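Worksheet: the structure to be examined is printed underneath.
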Amino acid sequence: MEQSRLREFERRCIQEEPAECVAACPLHVDARSFVMAVAVGDWDGAWKVLRKTMPLPGILGRICDHPCELRCRRRERGDAVRIGALERACVTRPAPTHRVLILPRRDARVAVVGSGLAGLTTASDLVRKGHPVTVFDSYETAGGRLLQFPPELLPPKVVAAEVAALSALGVEFRLGESPSLEELRAEFAAVFVEGGEEELQPAGVGPDGRPVLPYDRQTLATQWEGVFAGDEATPGGGSATGDGLSSGGRVSPVGLALQGRRAAVSIDRFLQGASLTAAREKEGPQPTRLFVSLARVESLPSIEPEDVGGAYTAEEAQEEADRCLRCECLECVKVCDYLHHFGSYPRRYAREIYNNAAIVQGEHKANRLINSCMLCGLCTAVCPENFSMADLCLEARRGMVERGKMPPSAHEFALEDYAFSRSAAFVLARTEPGRERCSYAFFPGCQLAGSNPAQVEAVYEYLRGKLTGGVGLILDCCGAPPTWAGRQDLFGQGLADILRERHRLGDPMLIFACPTCQDVLAPHLGTGTHVFLSEIMEETGITVGAGGPTLLPRGLHDPCTTRDRTHVQQSVRRLLAHLDQPIEELALSGQITGCCGYGGLQANANPQLAAAVAVRRSAESPLEYVTYCAMCRDSLAAQGKRILHVLDLIYPTEEDPAGRRRPGWSERRENRARLKARLLRELWNEGGGALEPWQEVQLIIADEVKTLLDTRRILVEDIQQAIYHAEHTEEKLCHDSSGHFLAFFRPRAVTFWVEYSLRDSGFEVHNAYSHRMAVERQV
Amino acid sequence: MASIARLSEDDLRWMCCRCSRPLEVGPVELTYLGNSFTLELPRCPDCGLYLIPEELATGRMAEVEQILEDK
Ligand SMILES: [Zn+2]
């Protein structure tokens with residue numbers, strides 16, 4: 001992945017965007033973390049959050065005019081969280097001890113003229129950066145206008161304590177002095193004139209007799225090099241900086257602090273010869289892109305303090321802070337078990353996946369993250385910025401395949417199943433018997449054929465009876481497994497075969513019975529060249545089949561591959577209405593439908609997670625479900641959910657189709673092969689091919705062993721081959737007491753071990769397991 | 001991977017059918033994705049036929065396969 005591509009992905013995930021309160025603060029104090037710490041009674045933690053960003057917290061924490069509250073999202077559900085009052089509650093408590101980190105000392109000396117909030121902020125910031133700072137004030141007491149606050153709000157001893165703390169850090173205070181600007185420039189490398197104090201006249205007036213005023217509102221630079229000035233005294237009383245310096249004609253304390261901070265940044269840059277103007281857009285109040293859903297938030301009024309002065313007790317503060325919404329987005333993580341499972345959110349995942357590709361030596365920790373995504377697109381559908389985990393993971397998978405870094409076990413079983421579905425055992429492309437060409441071709445897909453082959457036959461018969469112009473049949477796999485595995489090479493070969501065969505049949509309109517087939521192939525077919533089966537059925541007066549399931553209300557599970565095919569989703573709803581099947585819409589349906597756990601080969605790369613995904617989907621409604629994808633049906637059925645395929649209403653193949661267990665991997669292959677053989681025999685009068693000798697091996701397998709084999713993805717044919725090999729070569733182990741045999745066979749990159757015994761009617765299979773490591777046999 | 005696999009008593013009750021000899025513990029070489037290890041496993045003293053016990057295949061061996069695949 002290119003770094004620019006990473007940035008594109010990162011930009012779309014807004015989880016790390018600041019909360020409104022943080023973005024609104026001219027200093028970007030992390031009010032969200034602060035309030036969250038207060039909410040759990042962690043006052044030391046709350047203090048630390050303030051100290052990290054807020055200069056002079058003892059002062060500003062008491063007098064801040066809290067513009068954060070104006071943008072607090074809680075306002076939309078009650079009152080804004082009283083962040084200002086909470087800060088006051090915090091800084092009136094004893095501060096935890098801490099060590100101030102001071103950068104290595106520099107030589108250039110800085111003068112700050114005026115010891116109000118702006119001047120002290122500049123001094124505080126610069127001394128931490130290692131600059132020797134001297135603060136001048138014409139008064140004998142430091143504090144400037146801070147000393148004019150009512151003492152119950154800001155006690156003079158608090159100001160004195162912060163000044164003493166600055167002295168302790170090395171700031172020199174020269175009080176009662178009023179040097180001229182000329183004198184200051186001669187002694188110091190840079191000067192900040194806080195401004196506004198009439199008593200500062202000598203320093204606040206330039207050599208030309210005019211007042212020192214900043215000509216640049218962002219950098220506070222003046223017409224004299226190395227001299228920076230605040231504009232507290234701008235005529236008219238307000239601020240000209242437009243950054244919240246004043247509100248309602250009153251000077252804003254946090255705005256003054258911002259001015260002091262800006263001066264410190266400018267002076268530090270000036271002394272280092274760096275650009276004064278570069279990359280300063282993020283200073284001051286900002287907009288934020290953070291999305292916060294208020295969908296399930298109940299309204300709550302703010303907590304009124306008992307104290308007449310309006311001060312919160314610790315308990316009241318905690319209660320008030322607990323009203324904080326802890327603003328974050330996580331819209332995708334809320335609805336996706338996969339995103340939730342890996343414990344973070346897409347922006348971080350993008351970074352992990354990017355780093356994963358760069359690892360040469362060492363563990364590729366993100367492999368599982370990359371291969372576990374269902375590629376279903378739900379995150380994109382719910383994301384305010386359309387972040388696509390599917391694009392991210394699919395691109396990563398393709399890259400891994402290209403670099404030869406795809407773990408062999410991740411998709412191998414699915415790709416072998418794909419190879420089977422693409423082999424002569426299943427592939428078939430014919431025109432309708434007795435016709436040269438056809439106007440339609442039915443493409444049932446390998447999963448419906450594997451799950452319920454009788455319905456493929458029934459639908460094909462129905463289509464031949466209803467449509468004119470001939471209905472051909474194409475048995476093949478659409479190529480979803482190689483697509484999801486990042487194997488574009490394999491997909492390309494299969495696609496070329498399918499397109500060639502379709503052309504040979506007369507370029508018929510394709511009728512899909514599986515939404516995944518349609519989703520995978522549609523980009524390679526022209527518009528108006530394919531339809532979904534329901535779109536044919538809803539127009540031809542189809543009815544429910546005899547002996548089918550009762551038409552009780554059912555939850556409709558839209559397959560995730562129909563997310564962008566609203567017309568297919570609508571067609572199925574019309575068909576179900578026509579069949580008098582009442583449906584209930586699930587919370588996640590239509591364009592925000594959820595995956596069954598098979599999408600993206602999640603069930604191959606991470607079977608445990610896929611099972612959890614299917615369980616969660618199943619639990620969305622206690623109702624029985626109905627769906628229109630064979631794989632979705634089987635994935636949920638495997639977790640015990642009662643679920644029908646729409647075709648079960650029309651062509652019921654058993655008494656209780658909703659309770660039909662999911663056919664195992666072996667059975668699915670047998671079903672496909674038998675379907676082809678039967679259709680060839682019955683419709684085209686052709687016999688099947690000869691069986692391989694090992695296919696004659698008769699097996700007896702108990703149900704619990706069958707389940708174990710399916711979980712371990714061991715096929716009946718693997719076992720037949722192992723036993724055939726053992727019995728013909730005598731290469732087998734025998735147990736001295738049970739009389740069981742142990743066969744092993746390595747037909748490909750997997751070794752199968754099968755424990756079995758001889759019975760009159762065949763071989764009874766007791767157990768089987770496999771491993772991928774190869775063994776060097778030494779004699 | 002430890003050079004001696006944890007074996008159960010039952011693992012040594014298998015015999016080589018063709019040679020009619022009980023298996024004895026001996027060195028067996030395993031390879032995966034270009035990495036090799038030697039492991040002490042039950043094997044036929046005559047023909048070298050070996051046994052990978054189920055617990056080893058589905059446990060430690062699967063873990064090591066996963067680790068090597070993520071390298
Ligand atoms: Zn032997």
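Given the structure is predicted, the values throughout are model-derived calculations rather than measurements. Chain letters run A, B, ... following the sequence lines, proteins first and then strands; every chain starts at 1.
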inquiry  = I'd like to know if the side chain of H364(A) and the backbone of D70(B) have a donor-acceptor N/O pair within less than 3.5 Å.
reply    = yes
Inset, instruction - Flag the pair E54(B) / W753(A) as yes when at least one side-chain heavy-atom distance between them is below 4.5 Å, and no otherwise. - result: no
dist L733(A):CG -> R43(B):CZ (nearest 0.5 Å) comes out at 13.0 Å
The interface call for N356(A) against chain B, heavy-atom contacts under 4.5 Å, is neither
* To do: Report, as yes or no, whether the 6.0 Å neighbourhood of atom CD on E412(A) holds more than 12 heavy atoms from other residues, nucleotides or ligands.
  => yes
When rounded to the nearest 0.5 Å, the distance separating CG of L30(B) from CD of E776(A) is 9.5 Å
Okay, L23(B) and chain A: the region with an atom under 4.5 Å from a heavy atom over there is side chain
Check the side chains of S409(A) and E65(B) for a donor-acceptor pair under 3.5 angstrom, ignoring hydrogens and angles.
no
**Q.** Side chains of H771(A) and L56(B) in contact at under 4.5 Å (non-hydrogen atoms)
**A.** no
CG of D736(A) to CE of M15(B), rounded to nearest 0.5 Å, is 7.5 Å
- Task: Using atom types as modelled and distance alone, determine if a side-chain donor or acceptor of E730(A) lies under 3.5 Å from a backbone N or O of C17(B).
- Result: no
Whatever's closer than 4.5 Å to a heavy atom in chain B on F741(A) counts as both
When you measure from the side chain of Y769(A) to the backbone N and O of I52(B), does any donor-acceptor pair fall under 3.5 Å? yes
E363(A) and K71(B) ion-paired at < 4.0 Å: no
Note: T729(A) and R18(B) closest approach over all heavy atoms is O-NH1, 3.2 Å
On a heavy-atom basis, the closest approach of W14(B) and H740(A) is CZ3-O, 3.3 Å
Report the C-alpha distance between H735(A) and D10(B) in whole Å, list the side-chain angles of each, state the deciding distance to 0.1 Å, and finish with yes or no for side chain to side chain contact (heavy atoms under 4.5 Å, CB included). CA-CA 9 Å; H735(A) 198 263; D10(B) 196 60; 2.8 Å; yes
If one checks every heavy atom of E755(A) against chain B at 4.5 Å, the contacting part turns out to be side chain
Chain B shares the most heavy-atom pairs under 4.5 Å, among P407(A), C734(A), A726(A), with C734(A)
Whatever's closer than 4.5 Å to a heavy atom in chain B on S738(A) counts as neither
Honestly, the part of P53(B) sitting under 4.5 Å from a heavy atom of chain A is backbone
Checklist line | L33(B) vs R772(A) side-chain heavy atoms within contact, under 4.5 Å | finding: no
Applying a strict 4.5 Å limit to non-hydrogen atoms, the region of A62(B) in contact with chain A is neither
